[in-house]
Amino acid sequence: MRWNHGVVLALLLAVVSLPGCKVEFGTGDPAQLESRVLGGEGKLVRFDLVPGEEQDVLISSKDVHLQKGFGHLQVHFESLVFELKPGIEELSLEEFVVAVYRQNEQGTLERVAASREQDVDDVELTSSRRRHVVRQKEIAVGQALEACQSSCVVKVELDYWKTAATGSALAGLVRTSVRTGASAASAPVVVGLSAGTAALFQSAPETAAAEPPTQRPREERWETEDRLLGGCAWLTEAEASAALGRTMRYRDMVGGSNHCTLEPAGGGEIVFFGVAHDVPIFDEAMKMADEVEMFVLGDRAAWLPRVATLWIEKGQTTFDVRIGEPGQPPADIDAARRKAEAVARMLIGKERGFRSSVMYTAPLQ
């Protein structure tokens, strides 16, 4: 088929002349050209993303583009970098979002919107591979336009897993390592779409309190910021005290471990317990025991009187509860069993309210 060049030219001129139709040929304001790349409208806001303070993962990006999209906020990253902080040897990335906040009357930030989770769960950062770069990424954030017209705060938030080796546990039967959920964020950036401005967010200076803050009770602290510090997160001091009928206190709270030790406030026999997931350790323990009393608790349970230890299997989780120091079973072995069962019932009835999992390698030889 042969084209009539005169007809083609006439058609092109007719399209350009249509009301509301604009054709550009690669000239003009660079910001306008970039806005077409983003598929957005209005002013284009550009800024550098820098790492937040005291983060194990440093999140950064040069020349981030942010603009009003069609019903959402559009963010473009030429390259988004996740890098291990010096001194951190290993962790596993999971997912990240672009989060939008507004500053309330008290000067603190309230989240108003976030993008869909962006998966990076196949990425392991190690001492030999300390950074991961996501290139040419465009992310839409819904429900954020109204907040960002005058002023909003934007940052990238990452979820990841930290792994800590803990040697052997559960009566020395297995080698363990613990994966603990954690998060990191970039430094927040204040964005104004209407004015086309961006700057690092500066929090309001703290004012002196009328009274010095009081130290929160130990139990309350354990249920909040300390709840990922080891196996003691399975059982609070108050729960252990209720189960045993006397005041119990943590003797150790080992971060990254799968075990916990409690002792009576006035002295006496300690209570030690460990927790294992997704490993057939119950049968392995029974093979090594020279005296076993099987009974029903959870899915199945076994009392080992010579070591004052109770083993319980519930679903994919195995617990061991020991009364007394290793190798020093209490004189009253029946009372020890009652204590172990009381603690075990508390453990198997607990719901995990935080993200932490324990992984096990092969049993010790």
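These values consider heavy atoms only, across backbone and side chains, with no hydrogens, waters or symmetry-generated copies.
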With sequence neighbours left out, what residues match Ala243 under side-chain contact (heavy atoms from CB on, under 4.5 Å)? Ala342, Met346

Are any side-chain N or O atoms of Ser241 and backbone N or O atoms of Met248, one a donor and one an acceptor, separated by less than 3.5 Å? yes

Kindly give the heavy-atom pair with the smallest separation between Tyr250 and Glu237, and that separation in Å. N-OE2, 2.9 Å

List the steps, then state whether side-chain contact (heavy atoms from CB on, under 4.5 Å) holds for Val75 with Val64. CA-CA 7 Å; Val75 187; Val64 180; 3.7 Å; yes

List the residues meeting salt bridge (charged side-chain N to carboxylate O under 4.0 Å, His left out) with Lys85, not counting sequence neighbours, and say none if there are none. none

Return yes when atom CZ of Arg116 has more than 12 non-hydrogen atoms of other residues, nucleotides or ligands closer than 6.0 Å, and no otherwise. no

Answer whether the closest heavy-atom distance between the side chains of His76 and Gln136 falls below 4.5 Å. yes

Calculate, to the nearest 0.5 Å, the distance between atoms CD and OG belonging to Glu157 and Ser115 respectively. 9.5 Å

When rounded to the nearest 0.5 angstrom, what distance separates CG in Asp63 from CG in Leu49? 11.5 Å

What about Leu73 and Phe77, same hydrophobic cluster or not, with Ile/Leu/Val/Met/Phe/Trp/Tyr joined at side-chain heavy-atom distances under 4.5 Å? yes

Should Lys137 and Gln118 count as side-chain neighbours, where that means a heavy-atom distance under 4.5 Å? yes

Shared hydrophobic cluster for Val112 and Val189 (ILVMFWY, side-chain gaps under 4.5 Å): yes

Carefully, step by step, assess Thr197 and Val191 under the rule side-chain contact (heavy atoms from CB on, under 4.5 Å). CA-CA 6 Å; Thr197 58; Val191 171; over 6 Å; no

Give the intermediate values and the outcome of side-chain contact (heavy atoms from CB on, under 4.5 Å) for residues Met294 and Met286. CA-CA 10 Å; Met294 301 294 295; Met286 297 307 102; 4.2 Å; yes

Could you tell me if Gln74 and Glu138 have a donor-acceptor pair between their side chains, going purely by distance under 3.5 Å? yes

Interatomic spacing from CG in Leu109 to CG in Asn104 - rounded to 0.5 Å: 8.0 Å

Side chain proximity check, Leu200 to Val190, heavy atoms < 4.5 angstrom: no

Taken in chain and number order and not counting sequence neighbours, the residues that satisfy salt bridge (charged side-chain N to carboxylate O under 4.0 Å, His left out) with Arg300 are Asp283, Glu313

Over all heavy atoms of both residues, which pair between Arg130 and Pro86 is shortest? Give the atoms and the distance, please. NH2-CA, 3.9 Å

For the hydrophobic clusters of this structure (ILVMFWY residues joined by side-chain heavy atoms under 4.5 Å, transitively), does one cluster hold both Ile270 and Val275? no

Yes or no on side-chain contact (heavy atoms from CB on, under 4.5 Å) for Leu297 and Ile348, after CA distance, side-chain angles and deciding distance? CA-CA 9 Å; Leu297 180 60; Ile348 64 178; 4.1 Å; yes

If you round to the nearest 0.5 Å, how far is CG of Leu125 from CZ of Arg131? 10.5 Å

Between Phe96 and Phe82, does the ring centre distance come in under 6.0 Å? yes

Between Gln55 (side chain only) and Ala185 (backbone N and O only), is there a donor and an acceptor less than 3.5 Å apart? yes

Cluster link Val134 to Val98, ILVMFWY, side chain under 4.5 Å: yes

With distance as the sole test, does Arg249 use its side chain to make a donor-acceptor pair with the main-chain N or O of Arg251 at under 3.5 Å? no

For the residue pair Phe272 and His259, is the inter-centroid distance of their aromatic rings smaller than 6.0 Å? yes

Any side-chain heavy atom of Tyr160 sitting closer than 4.5 Å to one from Val57? yes

Cluster question for you: counting only ILVMFWY and a side-chain heavy-atom cut-off of under 4.5 Å, with indirect links fine, are Val97 and Leu91 together? no

So do Leu193 and Leu145 actually touch side chain to side chain, heavy atoms under 4.5 Å? yes

Once rounded to the nearest 0.5 Å, what's the spacing between atom CG of Asp320 and atom CD1 of Ile312? 7.5 Å

How close do Cys148 and Val100 get, counting heavy atoms only, and between which atoms? SG-CG1, 3.7 Å

Is any side-chain heavy atom of Leu310 closer than 4.5 Å to a side-chain heavy atom of Leu304? no

Nearest-0.5 Å distance, CG of residue Leu84 to CZ of residue Arg129: 10.0 Å

Just by modelled atom types, is the Glu94 backbone N or O under 3.5 Å from a matching donor or acceptor in the Asp159 side chain? no

Answer yes or no: is there a side-chain heavy-atom contact under 4.5 Å between His72 and Val141? no

Got more than 12 heavy atoms from elsewhere within 6.0 Å of CD, Glu89? yes

On a heavy-atom basis, the closest approach of Cys232 and Phe273 is CA-CZ, 4.5 Å

What closest approach, in Å, do Gln67 and Leu44 show between heavy atoms, and which atom pair accounts for it? CB-CD1, 3.9 Å

Ignoring hydrogens and angles, tell me if any N or O in the side chain of Ser194 forms a donor-acceptor pair with the backbone of Gln149 under 3.5 Å. yes

Given 3.5 Å as the limit, does a donor-acceptor pair link the side chain of Ser61 with the main chain of Ser79, or not? yes

Would you indicate whether the side-chain heavy atoms of Val81 and Leu58 approach each other to under 4.5 Å? no

Assess, by modelled atom type and distance only, whether the side chains of Thr126 and Glu90 contain a donor and an acceptor separated by less than 3.5 Å. no

Can the ring centroids of Trp234 and Phe319 be said to lie less than 6.0 angstrom from one another? yes

Contacts under 3.5 angstrom, residues 331-339 side chains, donor-acceptor by atom type, not counting sequence neighbours:
{"residue": "Asp332", "atom": "OD1", "partner": "Asp334", "partner atom": "N", "Å": "3.4"}
{"residue": "Asp332", "atom": "OD1", "partner": "Ala335", "partner atom": "N", "Å": "3.1"}
{"residue": "Arg337", "atom": "NE", "partner": "Glu341", "partner atom": "OE2", "Å": "2.9"}
{"residue": "Arg337", "atom": "NH1", "partner": "Glu293", "partner atom": "OE1", "Å": "2.8"}
{"residue": "Lys339", "atom": "NZ", "partner": "Glu269", "partner atom": "OE1", "Å": "2.9"}

Run the side-chain contact (heavy atoms from CB on, under 4.5 Å) test against Gln328 and tell me which residues pass, sequence neighbours left out. Glu325

Taking all non-hydrogen atoms of both residues into account, name the closest pair between Ala302 and Val292 and its distance. CB-CG1, 3.7 Å

In chain order, what residues pass the salt bridge (charged side-chain N to carboxylate O under 4.0 Å, His left out) check against Arg306, with sequence neighbours excluded? Asp290, Glu291

